[in-house]
Amino acid sequence: MVVQPPKCVSPIQSAIVTGELKAEVADDSQHLMVSTDCKAEKSPRIVSKYGRKGIKTEQKQPKEPEESSMQRRASARIQAKQKADKELLVRRRVELLDEQDDGGNETKSRSKRSRVTENVVKEEVVEEEKRDITAPKSKLDESTKLESKAKVKGSEENVDSKNGGGNLVEKSDTLKVKQTLRLFNKHYLHLVQEEEQRCRKVEADRKVSKKGSKSKKGAPPEDIKNPSKRPDLKALSKMMENNEILYPEKRIGNIPGIKVGHQFYSRAEMVAVGFHSHWLNGIDYMGQSYRKGLEHSKYTFPLAVAIVLSGMYEDDLDNAEDVVYTGQGGHNLTGDKRQIRDQVLERGNLALKNCIEQRVLVRVVRGHESASSYTGKVYTYDGLYKVVNYWAEKGISGFTVYKFRLRRLEGQPTLTTNQVYFTNERVPQSAAEIRGLVCEDITAGQEDIPIPATNLFDDPPVAPTGFTYCKTIQVSKNVKLPAEGTGCNCKGVCVDPRSCACALRNGSDFPYVSRDGGRLIEAKDVVFECGPNCGCGPGCVNRTSQRGLRYRLEVFRTAKKGWGVRSWDFIPSGAPVCEYTGILTRADDLDRLDYANDNNYIFEIDCLQTMKGVGGRERRSQDASLADIDLLDKSDDQNSESAPEFCIDAGSTGNVSRFINHSCEPNLFVQCVLSSHHDLKLARVMLFAADNIPPLQELTYDYGYALDSVCGPDGKIKQMHCFCGAAGCKKRLF
DNA sequence: GCGGGTCAGAGGTAT
DNA sequence: ACCTCTGACCCGCGC
């Protein structure tokens, strides 16, 4: 659990950080178990255990006694970097202050700049798309061919890389899918917010009209009806408009980056990546228009590429490996969901029939009812199926239906019960069901929801010890919290972004939507929440991160990474997971003490770094929050050293977040939040869900080391292995 | 609180 | 112009 300043983009800054504060960290693997359990580590019994686990010993190898003290002295390289960094920072500061000075003008130039950045990104995407389209598409008439194709694709997969800020960043297909889904979620949440505002307005209007003219019974409800405007579909439209659909062309066979077992949380997600190009149709097929394409000249169209089994057709039969799929048409779409007409061999039905003759494989997705999703439904990709044969018969309702027998292609990952019938069966329902329980509640009752710890790796299983749980941040003696900031004058809950002072700080917007108990729409430089001096109550959406734990978390022993954290509940993207708590200390004070103590739990509060950070979700480009606020001169005063002034030290005291591991492709991101005061240097550090996170997936965030940023006492670059296991893992933590 | 009823929604496909 | 059937709201039912 080495905690870094999250996401240091500037290598210089990270060099300073890593070179100084993190020096001792170098020997520990990314939050190895070692550090998570001080007592255990000291116990001879446990030490021998570590010895047995070869990996751990290896990781410990680089530890040399002189390291910690010596690394404190910055190497020449670091010093040079420091200098450059300072200059950069000063320049940035000047820019920011300038912007502040000429108000509107500035904002303009600012947004312009961000637009430029956007364009660059877009161009890259377009480039990728071009490549995808022009890439030779092998035709697969046989499963063997298909498999070889898959292999070829697979090897191509990691080749394409993106040059981001001088760092060569590999972009795996998995990551592309992830980013596309994040983009979708971002659009979605924006539109949910619009929708929520619209509904509120409608509600308010309704109240007014009720009060104003009770006699007018037949007052036209107008748009009061049907408040649902499908933000999911709107998000798709937006993505199409922006050319953000990952694979806009339909494809036969597997889609790069989407493995068997992949879970989609709505039909719209499948459209966003191009896995199934319609949010409503069951059968996705290539129509006549694909006839023109050279690479498809030998096929007869229409040709099915993907189907969704949602159990909606009364005549469907689903036996996992063998499926009898009812064709489309003749269905009473609303109401009783029965057949009301004969089906005809056309459209999707014809497309499936053509698959038989031409031996084209079809992707099969199953829909399941599940609490583990914001829609209450989960769609799992169950792999490629061969359409074996088809026939017409009289269905249950007495109308002609077409039936297609599909058989699952062999050699694909096993279809587990869990995938076919998606349930939370692995999630314990009570304490008695927890396997390997070593501690019923590490919070000792402090949190509303207990956090158990489990250990299935050690013998005997140890519990995490050596720290005191504290739900909220503790302030050390040398730190004085700034005076409480002024708040907004809203009553009850904040709703109007034009009048709420806190919303204005966020760029005249609320950073959260109300849906699902509050979700952050996208990562921001800093989020201004309502605080103690605000007129609103605890139910205000702009206090989303102040409500404590919302999900049932578990601290569990991992194979290679010490302790880790996962959730038993589904966590929707943008939901707050936990705050990083500990002792709020001056970085200077820590310097002296903590190296001796091998403290790997220091989180440096540095919004500037976090702001410029990568990973997590793309941050709002037109974000004006920084330019508007007076906070800059507070955080930006004369002391222009780049090192952060304050840290959160969770070494001896902290909450569940001290157990969260690093990952190169994380599912959480760090967000600085200001609520009780407006001093950036003392912002609260919150972890939010970057993706929709299924139950039991380990929670991770990017510790943010820049590669080659850590130097040893000899000035040589130090390296540490990363065990996150992500497809795009950089293999090194630094 | 749950479950069935209701309906707009929007791109693809064919006419 | 037509086809597709999801997602989320609405309302009435039973507890």
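So you know, we letter chains A, B, ... as the sequences are listed, proteins then strands, and number each from 1. Quick note: numbers below take in every heavy atom, side chains included, and nothing from hydrogens, waters or symmetry partners.
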Sorted by chain and number, sequence neighbours left out, salt bridge (Lys or Arg N to Asp or Glu O under 4.0 Å) with A:E554 holds for A:R566

Is A:R347 side chain donor-acceptor paired with the C:dT4 base, going by distance under 3.5 Å alone? no

Figure out the NE2/P separation between A:H368 and C:dG7, and round it to whole Å. 14 Å

Looking at the base of B:dG12, is there any donor atom on it, or on the side chain of A:H278, that sits under 3.5 Å from an acceptor on the other one? no

Starting at atom NE2 of A:H331, determine the distance to atom P of C:dC2, rounded to an integer number of angstrom. 21 Å

Between A:I340 (CD1) and C:dC5 (P), how many Å, whole number? 12 Å

Quickly work out the A:D232 CG to B:dA8 C1' distance and round it to whole Å. 12 Å

Per atom distances to the A:R230 side chain, the nearest of B:dA10, B:dT13, B:dA8 is B:dA8

Please enumerate all residues that pass side-chain contact (heavy atoms from CB on, under 4.5 Å) together with A:A235, with sequence neighbours excluded. A:F184, A:H187, A:Y188, A:L191

Report which part of the nucleic acid A:Y188 touches: base, sugar-phosphate, or nothing (heavy-atom distance under 4.0 Å, all strands). sugar-phosphate

Looking across every strand, which nucleic acid part, if any, lies under 4.0 Å from A:G348 by heavy atom: base, sugar-phosphate, or nothing? nothing

If you find the nucleotide of DNA chain C closest to A:S266 and the one closest to A:R341, which residue's nucleotide is nearer the 5' end? A:R341

Pairing pattern in dot-bracket form [Watson-Crick, G-U; both distances under 3.5 Å; | = partner strand] for DNA chain B: ||||||||.||||..

On DNA chain B, more 5' by nearest nucleotide between A:D284 and A:W279 is A:W279

Any side-chain N or O of A:K250 under 4.0 Å from OP1/OP2 of B:dT13? yes

With sequence neighbours excluded, residues passing salt bridge (Lys or Arg N to Asp or Glu O under 4.0 Å) with A:E447: none

If I take atom CZ in residue A:R267 and atom P in nucleotide B:dA10, what distance separates them, rounded to the nearest angstrom? 16 Å

Quick one: is C:dG7 close enough that its OP1 or OP2 comes under 4.0 Å of any side-chain N or O from A:Y379? yes

Residues at least two apart in sequence or cross-chain that pass salt bridge (Lys or Arg N to Asp or Glu O under 4.0 Å) with A:R519, listed by chain then number, are A:D516

Is it the case that A:N667 and A:Q697 place a side-chain donor and acceptor less than 3.5 Å from each other? yes

Can you figure out which of C:dC9, B:dA14, B:dG11 approaches the side chain of A:Q288 most closely? B:dA14

Nucleotide C:dC9, atom P - distance to NZ of A:K229 in whole Å: 12 Å

Separation of B:dT13 atom P from A:M286 atom CE, nearest Å, is 10 Å

Give a yes/no on whether any side-chain N or O of A:S237 is located under 4.0 angstrom from OP1 or OP2 of B:dG11. yes

Without decimals, in angstroms, what is the distance between A:Y265 OH and C:dT6 P? 19 Å

For B:dG11, take OP1 and OP2 only and decide whether either is under 4.0 Å from a side-chain N or O of A:S277. no

Assign each of A:Q328 and A:R515 to its nearest nucleotide of DNA chain C by heavy atoms, then name whichever residue's nucleotide is nearer the 5' end. A:Q328

Hey, do the aromatic rings of A:F275 and A:F264 have their centres closer than 6.0 Å? yes

Tell me every residue that passes salt bridge (Lys or Arg N to Asp or Glu O under 4.0 Å) with A:D448, counting only those two or more places apart in sequence or in another chain. none

Just by distance, no angles: are the side chains of A:Q328 and A:Q343 close enough, under 3.5 Å, to form a donor-acceptor pair? no

